[in-house]
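Data block below; observations after.
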Amino acid sequence: RRIGGRDGNRDRARLPDGDRGGGENVKDERFFWGDLHPVCVLRGLLYNLWVLILAVLTAGLCVEGYHLFTYHPVYTASATVAVNVKGGTSAYTSLDLTARMAQVFASVFQSDTFREAAQCDVVASVLPETNLINVQVTAENPRESFLSLKNVLENHADLTDELFSNAELRVIRDPQVPLAPSNPVDLKPYRMRACVGAMLAASLIVSVLFLRRDTVQTPQAARHKLDGRVLGTIGHERKEKRLFVKKSRGAGRKAAALLTDPFVRYTYTEAYQDLCAALEHRMRRDGKKVLLLTGAGENEGKSSVAANLALALSMRGRHVLLLDLDLRKPALHKIFGLRTAAKNGIGQYLAEKDAEPPLIFSEKYGISLGLTAPAAHPERLLHSEKLKKLLLAARADERFDYVLLDSPPMLLSADAEALSALSDLSVLVVRQDYTPAGIVNDCADALTQSGTDFAGFILNDFYAAVHPQQLFAVRTASSK
């Protein structure tokens, strides 16, 4: 869905102090190494590992295919014959004579006349200082080479009588049918070169595509990629941190890490406290009470941010009403573990005429909740007069210091834009390396154009980058 009337690759400009003006933007396409995060780079490589594997397999198959179509095997059958002298007396004289005869016979075997008579390619070589001749015949198939060599050996008598009347050829090693080609090709080095080249090429392509991604990976990248103020950065926190706890049957995975969990890190809690202080200062200064939290796409973490922000305000002594107005895919009832309370929730209240507002107070969390289950026709319910009256009553209710609204993602529907018109302030939750910055900026433009006061961005689920200076400082402090 197109948002804000501009595409996701529009020009961006860095605006001081988070102010959003209507002036002309200056495009900033400079590359900063600080925009890359090691965890995001590693995750990108792992996600694209299949590309590298596919490139290697393709290169190996190409080498095999080229070898299959260009390689022509030949087979060589060989036999060994000895040259003897008829009636020879002296062993030394016979060996010397037969060695010279073997040289003559080898030359004759390889002569053009003999090859034409035998109708095959014959190679003969004399073993050094012996009267032995190694005769080889090469052909395109094993049977042909064997039969040709056998024919040569069977008809060598005519050749012997014609050259030397006192010489005879005796077969010492009979020919055998060759089982393997005589011109084998070792494909291992070719495969290795092709696979390495393909892997390097695929890695280069993946790296270029990864660097061209316009997502936000670090807070530094957010400062010059996002058109607005960064209100706070929430670090990555594992959802499951339990020791020796046995899960009950049917219990699902925990939906989010809450501030009330005793196992969450201090930095995670402190980040929400800082975000809470910044938002509360802004809302008190401008007299705002209703805050809308939304995101560009699914799984940005807007519901977990809304839940923890409400808990952080409650820890500061504020009375908070948290309403789940994501009627398409609600998540707050899963986060707080109140699935039963969501059955007769906001969705049913808006659909029925005489229903009472289904607001509950959680003693465990210290906040008021308005939960819901998926409802039919959510766009009609969110544009109803009954919702407007509910929010007006909540704004006028002195029991609540703040009202937080959890809305659907902006890329899936126009529900968030409709809710922004009913709220006093809106923020966008941006997950690390998830949605392109251009699309996030278009969503921010859409919230501004709907008439609400856009406060800025909340960076969520960001892995912290530990620099060597910080690591050295931690080690020094621990040693002291």
Side-chain angles (χ1 to χ4, degrees), residues 14-21 216 219-220 222-235 237 258-260 264-295 300-323 365-369 391 394-407 416 419-431 440-441 443-445 447-448 450-462 464:
R14 181 177 177 179
L15 302 179
D17 300 328
D19 295 333
R20 304 179 58 83
V216 179
Q220 175 182 333
R223 295 188 186 99
H224 65 84
K225 284 187 175 183
L226 300 181
D227 294 346
R229 180 185 177 188
V230 176
L231 300 172
T233 302
I234 308 300
E237 184 73 11
L258 296 178
L259 297 183
T260 54
V264 296
R265 293 176 299 172
Y266 171 77
T267 54
Y268 186 72
T269 304
E270 192 67 18
Y272 271 106
Q273 292 296 341
D274 294 341
L275 173 63
C276 178
L279 281 174
E280 189 174 16
H281 172 74
R282 173 72 178 272
M283 297 179 74
R284 281 193 170 187
R285 183 192 65 185
D286 300 336
K288 310 292 186 180
K289 186 174 182 178
V290 181
L291 174 65
L292 173 69
L293 294 102
T294 187
E300 297 274 4
K302 58 177 183 56
S303 297
S304 61
V305 171
N308 282 312
L309 186 59
L311 293 176
L313 287 169
S314 176
M315 292 177 182
R316 297 169 67 92
R318 309 295 183 258
H319 300 284
V320 182
L321 172 60
L322 177 58
L323 297 178
Y365 299 106
I367 58 176
S368 298
L369 296 169
L391 294 180
R395 181 182 281 107
D397 196 335
E398 296 182 355
R399 294 178 301 170
F400 305 127
D401 297 317
Y402 300 104
V403 179
L404 306 185
L405 308 181
D406 180 21
S407 71
L419 291 174
S420 64
L422 304 177
S423 60
D424 301 328
L425 198 67
S426 62
V427 295
L428 266 173
V429 178
V430 181
R431 185 177 177 181
V440 176
N441 288 329
C443 293
D445 290 340
L447 291 176
T448 302
S450 64
T452 185
D453 186 5
F454 179 70
F457 304 93
I458 299 176
L459 306 183
N460 183 44
D461 199 24
F462 270 60

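Proximity of a side-chain donor or acceptor of Glu280 to a complementary backbone N or O of Leu313 within less than 3.5 Å is not detected. With hydrogens and angles disregarded, no donor-acceptor distance shorter than 3.5 Å links the side chain of Lys302 to the backbone of Val429. Side chain of Ser314 to backbone of Ala310: no donor-acceptor contact under 3.5 angstrom is found. The backbone N or O of Ile234 lies less than 3.5 Å from no partner atom in the side chain of Asn460, so there is not a single donor-acceptor pair. A donor-acceptor pair under 3.5 Å is formed between the side chain of Asp424 and the backbone N or O of Val290. Put simply, the side chain of Arg399 never gets that close to the backbone of Asp397: no donor and acceptor are under 3.5 Å apart.
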Kindly determine whether Leu226 and Leu428 satisfy side chain to side chain contact (heavy atoms under 4.5 Å, CB included), including the steps that lead there. CA-CA 11 Å; Leu226 300 181; Leu428 266 173; over 6 Å; no

Dump the intermediate steps for side chain to side chain contact (heavy atoms under 4.5 Å, CB included) on Val427 and Leu279, then the final yes or no. CA-CA 10 Å; Val427 295; Leu279 281 174; 4.0 Å; yes

Step by step, would you call Lys288 with Arg282 a side chain to side chain contact (heavy atoms under 4.5 Å, CB included)? CA-CA 8 Å; Lys288 310 292 186 180; Arg282 173 72 178 272; 5.9 Å; no

Applying side chain to side chain contact (heavy atoms under 4.5 Å, CB included) to Leu311 and Ile367, what does each step give before you reach the verdict? CA-CA 7 Å; Leu311 293 176; Ile367 58 176; 4.2 Å; yes

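Applying the side-chain hydrogen bond (donor to acceptor under 3.5 Å, both in side chains) criterion to Tyr365, with sequence neighbours excluded, gives no partner residue.
Distance check, rounded to the nearest 0.5 Å: CG of Leu275 to CG of Leu231 gives 6.5 Å. Atom CG of Asp461 is separated from atom OG1 of Thr233 by 12.0 Å, given to the nearest 0.5 angstrom. Rounded to the nearest 0.5 angstrom, His281 NE2 and Asp286 CG are separated by 8.5 Å. Annotation: the span from Leu292 atom CG to Leu323 atom CG amounts to 11.0 Å, rounded to 0.5 Å. Considering CD of Glu300 and CG of Leu459, their distance stands at 10.5 Å, rounded to 0.5 Å. How far CE of Met315 is from SG of Cys276: 10.0 Å, rounded to the nearest 0.5 Å.
When side chains are defined from C-beta on, Phe457 counts as touching Asn441, because their heavy atoms get closer than 4.5 Å. Leu291 has its side chain out of reach of Ser423: every pair of non-hydrogen atoms, C-beta onward, lies at least 4.5 Å apart. Side-chain contact check for Leu391 versus Leu405: some heavy-atom pair is nearer than 4.5 Å.
Contact detail for Ser303 and Asp406: the closest heavy-atom pair is OG-OD2, 2.7 Å. For Phe462 against Val430, the heavy-atom pair with the smallest separation is CE1-O, 3.7 Å. Of all heavy-atom pairs spanning Ser368 and Phe400, the tightest one is OG-CE2, 3.5 Å. What you find for Arg229 and Ala455 is that their closest heavy atoms are CB-O, 4.1 Å. Taking all atoms of both residues into account, the shortest heavy-atom contact from Leu404 to Ala306 is CD1-O, 3.9 Å. When all heavy atoms of Ala307 and Leu322 are compared, the closest pair comes out as CA-CD2, 3.9 Å.
Side-chain contact check for Ser426 and Ser420: no donor-acceptor pair (N or O, by modelled atom type) lies under 3.5 Å. Between the side chains of Thr294 and Ser407, a donor-acceptor pair is found at a separation under 3.5 Å.
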